[in-house]
Chemist: 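Here it is, the structure in full.
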Amino acid sequence: MSNNLLQGKRGIITGALDENSIAWKVAEKAFEQGAKIVLTNAPIALRMGKINELAAKTNSKVIPADATNVEEINKMLIESQEFLGGKIDFLLHSIAQSPNIRKNIGYPELNYDYYDKTLDISALSLHKMLAAAYKLDAMSEGGSVVTLSYMAAQRTFSFYTDMADAKALLESIVRSFGYHYGKHRKVRVNSVSQSPTKTTAGSGIKGFNTFYDFAQLNAPLGNADAESCADYCITLFSDLTKMVTMQNLMHDGGYSNTGASSDLMDKFGEE
Ligand code: NAI
């Protein structure tokens with residue numbers, strides 16, 4: 001269903017690896033809503049993933065860029081504007097990776113080289129993209145940037161290790177850069193704090209499936225899936241949310257404000 005919410009808008013979507021990626025759904029919906037888009041991902045992900053399939057479906061161009069490399073980001077932003085035919089109206093930052101999680105290293109034992117990489121890929125990459133766009137004046141006035149976060153930025157989830165710290169930093173960058181970009185060009189910056197979602201990044205976390213089921217029972221609406229997350233992102237790219245900025249927006253079926261649901265009580269209750 002299309003309401004042409006993004007008709008005439010130009011966007012960049014990072015992080016679409018395969019059809020499970022949240023970014024994949026955002027790209028499909030942005031196209032459906034009338035936007036012209038560029039897809040970008042790390043060169044290695046372009047070789048391993050299915051991004052060309054998505055590009056064909058959405059009439060978009062794939063421009064590689066490692067999100068930790070400022071030079072590559074600059075190049076990608078310049079080439080994107082050439083392809084799109086003007087300044088960028090919206091940008092989805094949908095990027096995360098933790099070598100510590102991948103190698104199953106617990107929080108007290110974190111490897112600091114890996115920790116630096118986690119922060120660089122999962123949080124500083126947002127600053128780098130925003131700073132590059134700001135300096136190139138690549139975003140149009142009233143533009144919108146959305147990044148994806150997780151509630152472990154506010155509350156401890158034992159399995160989320162250094163990614164929790166990365167998300168806390170990410171959300172702080174949303175506020176700080178949101179202030180500067182808002183003053184400079186009325187560009188808004190928000191994070192969407194999403195439910196556990198079955199994607200490559202999500203499923204890489206040990207204990208993910210157990211936690212997914214737990215959250216599903218606790219949230220009154222159940223877990224929000226990737227498709228509904230994409231719908232929410234589309235509203236944030238649209239002109240219907242022009243005054244929303246510097247926010248961390250919960251998209252979790254009510255999980256974050258629920259102590260214990262009746263479903264969970266029943267599961268652990270006495271006979
Ligand atoms: P995904 O694995 O499909 O997407 C992660 C993307 O990050 C991949 O496309 C990967 O290639 C890209 N990436 C990694 N290193 C990169 C680099 N150096 N340069 C450019 N791109 C790079 O997984 P998903 O779940 O769609 O993740 C997207 C975002 O959503 C992440 O920020 C994640 O933390 C966030 N999120 C995911 C949740 C989940 O349970 N899946 C829950 C809450 C937030």
Side-chain angles (χ1 to χ4, degrees), residues 12-28 39-51 54 62-73 76 91-99 101-102 114 116-126 128-129 146-155 157 159-171 173-174 191-216 219 223-230 232-233 248-253 255-256:
I12 297 179
I13 294 182
T14 70
L17 184 67
D18 57 32
E19 63 277 12
N20 297 317
S21 301
I22 297 167
W24 187 284
K25 314 277 187 219
V26 176
E28 286 179 333
L39 304 172
T40 181
N41 208 322
I44 183 162
L46 298 189
R47 289 196 293 276
M48 289 163 46
K50 301 176 166 175
I51 201 167
L54 181 63
V62 179
I63 304 178
D66 181 329
T68 62
N69 184 316
V70 173
E71 218 171 282
E72 291 185 24
I73 293 170
M76 182 274 292
L91 168 70
L92 177 75
H93 176 278
S94 184
I95 297 171
Q97 199 198 304
S98 162
I101 288 183
R102 192 178 277 184
Y114 295 162
D116 285 347
K117 285 206 173 75
T118 300
L119 297 182
D120 197 15
I121 297 170
S122 314
L124 293 185
S125 61
L126 176 66
K128 289 175 180 175
M129 275 188 193
V146 172
T147 185
L148 293 167
S149 193
Y150 183 57
M151 205 203 328
Q154 287 86 31
R155 296 175 188 201
F157 291 83
F159 49 84
Y160 212 62
T161 69
D162 59 350
M163 192 58 87
D165 300 351
K167 292 303 191 194
L169 177 56
L170 183 79
E171 292 178 16
I173 292 170
V174 163
S191 52
V192 168
S193 186
Q194 164 67 5
S195 287
T197 316
K198 292 185 176 174
T199 63
T200 304
S203 310
I205 299 168
K206 188 165 182 266
F208 177 86
N209 286 332
T210 310
F211 181 68
Y212 179 93
D213 294 343
F214 176 87
Q216 176 74 13
N223 288 326
D225 64 10
E227 193 148 338
S228 57
C229 183
Y232 195 29
C233 292
N248 180 50
L249 303 159
M250 305 312 294
H251 186 259
D252 64 355
Y255 179 90
S256 49

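Whatever order the structure lists them in is the order used to number ligands and atoms, beginning at 1. Every value quoted in this text rests on a predicted model; they were computed, and no experiment measured them.
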Chemist: Yes or no: does Trp24 have any heavy atom under 4.0 Å from an atom of ligand 1?
Modeler: no
Chemist: May I ask which of Ser195, Gly202, Ala226 has a heavy atom nearer to atom 42 (C) of ligand 1 than the others do?
Modeler: Ser195
Chemist: I want to check something: taking the side chain as every heavy atom from C-beta on, are Phe211 and Ile205 in contact at a cut-off of under 4.5 Å?
Modeler: no
Chemist: Between the side chain of Lys25 and the main-chain N/O of Glu19, is any donor-acceptor distance below 3.5 Å?
Modeler: yes
Chemist: Examine distances only and state if a side-chain atom of Thr68 and a backbone atom of Asp66 form a donor-acceptor pair shorter than 3.5 Å.
Modeler: no
Chemist: Closer than 4.0 Å to some heavy atom of Pro196 - which atoms of ligand 1 meet that?
Modeler: 40 (O)
Chemist: Do any nitrogen or oxygen atoms of Thr68 come within less than 3.5 Å of a nitrogen or oxygen of ligand 1?
Modeler: no
Chemist: Does any N or O of ligand 1 fall below 3.5 Å from an N or O anywhere on Ile22, backbone included?
Modeler: yes
Chemist: Consider every N or O of Asn41 and every N or O of ligand 1, then say whether any pair is closer than 3.5 Å.
Modeler: yes
Chemist: Check for me whether Asp66 has a heavy atom closer than 4.0 Å to any atom of ligand 1.
Modeler: yes
Chemist: Give a yes or no on whether the backbone of Pro64 and the side-chain of Glu72 come within a donor-acceptor separation of less than 3.5 Å.
Modeler: no
Chemist: Please name the pair of heavy atoms, one in Tyr232 and one in Leu249, separated by the smallest distance, quoted to 0.1 Å.
Modeler: OH-CB, 3.4 Å
Chemist: Do me a favour and list the nearest non-hydrogen protein atom to atom 22 (C) of ligand 1 with residue, atom name and distance?
Modeler: Ile95 CG2, 3.6 Å
Chemist: Can you tell me if Lys198 has a non-hydrogen atom under 4.0 Å from ligand 1?
Modeler: no
Chemist: Have a look at His93 and tell me which of Ile173, Ile13, Leu170 forms a side chain to side chain contact (heavy atoms under 4.5 Å, CB included) with it.
Modeler: Leu170
Chemist: Please confirm whether the backbone N or O of Lys198 pairs with a side-chain atom of Ser203, one donor and one acceptor, at under 3.5 Å?
Modeler: no
Chemist: Numbering the atoms of ligand 1 from 1, which are under 4.0 Å from a heavy atom of Ala45?
Modeler: 11 (O)
Chemist: Between the candidates Lys167, Gln194, Met163, which shows the shortest non-hydrogen contact distance to atom 33 (C) of ligand 1?
Modeler: Lys167
Chemist: Do Met250 and Met151 have side chains that approach each other closer than 4.5 Å (heavy atoms only, starting at C-beta)?
Modeler: yes
Chemist: State, to 0.1 Å, how close Leu46 and Ile51 come at their nearest heavy-atom pair, and which atoms those are.
Modeler: CD2-CG2, 3.5 Å
Chemist: Is Gly15 in polar range of ligand 1, meaning some N or O pair under 3.5 Å apart?
Modeler: yes
Chemist: Nearest heavy-atom pair of Ala16 and Ala23: which atoms, and what distance?
Modeler: N-CB, 3.5 Å
Chemist: Could an N or O of ligand 1 be found under 3.5 Å from any N or O of Ala67, whether backbone or side chain?
Modeler: yes
Chemist: Say whether Thr199, considering both its backbone and side-chain N or O atoms, lies within less than 3.5 Å of an N or O atom on ligand 1.
Modeler: yes
Chemist: Out of Ala201, Ser149, Ala65, whose heavy atom sits nearest atom 23 (O) of ligand 1?
Modeler: Ala201
Chemist: Please report the shortest heavy-atom distance between Pro99 and Thr118, naming the atom on each side.
Modeler: CD-OG1, 3.3 Å
Chemist: Examine distances only and state if a side-chain atom of Thr199 and a backbone atom of Gly202 form a donor-acceptor pair shorter than 3.5 Å.
Modeler: yes
Chemist: Which residue from Ser125, Ser94, Ser191, Ser21 reaches closest to atom 5 (C) of ligand 1 through any of its heavy atoms?
Modeler: Ser94
Chemist: Please identify which atoms of ligand 1 are closer than 4.0 Å to at least one heavy atom of Thr200.
Modeler: 2 (O)
Chemist: Heavy atom under 4.0 Å from ligand 1: found in Thr197's side chain, backbone, both, or neither?
Modeler: both
Chemist: Have a look at Tyr150 and tell me which of Phe208, Tyr255, Phe159, Phe157 forms a ring-ring contact (aromatic ring centres under 6.0 Å, His included) with it.
Modeler: Phe157
Chemist: Give the residue and atom name of whichever protein heavy atom lies nearest to atom 35 (C) of ligand 1, and the separation in Å to one decimal.
Modeler: Leu148 CB, 3.8 Å
Chemist: If you have a sec, work out which protein heavy atom is nearest atom 31 (C) of ligand 1 and how many Å separate them, to one decimal?
Modeler: Ala96 CB, 3.5 Å
Chemist: Starting from atom 15 (N) of ligand 1, which protein heavy atom do you reach first, and at what distance in Å?
Modeler: Ile121 CG2, 3.5 Å
